[in-house]
Structure formats: C-alpha cells, structure tokens
Amino acid sequence: MKDILLLVGAGQIGMAIARRIGFDKKIIIGDKNLENAKKIADIMYNVGFDVNYLEVDLADRKSIKNYIQEAQKYG
C-alpha cells in the first residue's frame, strides 16, 4: 500500500504541486475534462511518477465518491 495523492483540476499549478509532493506516492489525477487529466498524467508518467487519471466532476456527488473509491484501491 502506498500513500495516495489526489489532484483535482489538471492544470500546470496542480501538476507542479503534485511533482513536488508526489514522490513515492500513487497520484490520481482527476478533472472534469478527461483529456486534460490524461495530458497531465502522461507528462508525469513519462518522468517517473506512478499516476492514474479519471474524470471527476466536483459538482456531482457520485463522481466524487467514484474518485475516492478509486483512491482506496491503492491506499
């Protein structure tokens, strides 16, 4: 089991923070736009981070619960 870092909002600032504190953690990137999450996840994966991504809508309770359930698989 690893420590988990949840990042919601796949942008440059979030990625910078995740890169700083995400070393040796499982990082799960969520964004309302799945393509944004995938782009940031690909960048981070290519430099050695353990990353997954999925679509998350913070205005939707079910979406948030699914995001948390995904994280619980790893930590």
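Rounding to the nearest 0.5 Å gives a distance of 11.5 Å between CD1 of Ile13 and CG of Leu7. Taking CD1 from Ile27 and CD1 from Ile21, the interatomic distance works out to 8.5 Å, rounded to the nearest 0.5 Å. With rounding to the nearest 0.5 angstrom, the CG atom of Asn52 is 9.0 Å from the CD1 atom of Ile29. Here the CD-NZ distance, from Gln69 to Lys62, works out to 10.0 Å after rounding to the nearest 0.5 Å.
Although no hydrogens or angles enter the test, the distance criterion places no donor-acceptor pair under 3.5 Å between the side chain of Tyr67 and the main chain of Asp57.
When all heavy atoms are compared, the tightest approach of Ser63 to Glu55 is OG-O, 4.0 Å. Phe49 and Phe23 make their closest contact through CE2-N, 3.9 Å (heavy atoms, listed as atom of the first residue, atom of the second, distance). Nearest heavy-atom pair across Ile40 and Gly11 is CD1-O, 4.1 Å.
Under a hydrophobic-cluster definition in which Ile, Leu, Val, Met, Phe, Trp and Tyr are linked whenever side-chain heavy atoms come within less than 4.5 Å, directly or via other members, Tyr74 and Leu6 are assigned to the same cluster. Under the 4.5 Å side-chain heavy-atom criterion for grouping Ile, Leu, Val, Met, Phe, Trp and Tyr, Ile43 is connected to Leu34 within one hydrophobic cluster. Note: the hydrophobic cluster containing Val8 does not contain Leu5 (ILVMFWY, side chain heavy atoms under 4.5 Å, direct or indirect links).
Listed by first then second residue, pairs satisfying side chain to side chain donor-acceptor pair (under 3.5 Å) with a partner in residues 5-20 number zero, not counting sequence neighbours. Sequence neighbours left out, the pairs with a member in residues 25-36 that pass salt bridge (Lys or Arg N to Asp or Glu O under 4.0 Å) are Lys26-Asp50.
When side chains are defined from C-beta on, Ile4 counts as touching Ile28, because their heavy atoms get closer than 4.5 Å.
When the side chain to side chain contact (heavy atoms under 4.5 Å, CB included) test is applied to Lys73, the partners found at least two apart in sequence or on another chain are Glu70.
Using modelled atom types, one finds no donor on one side chain facing an acceptor on the other under 3.5 Å when comparing Asn36 with Tyr53.
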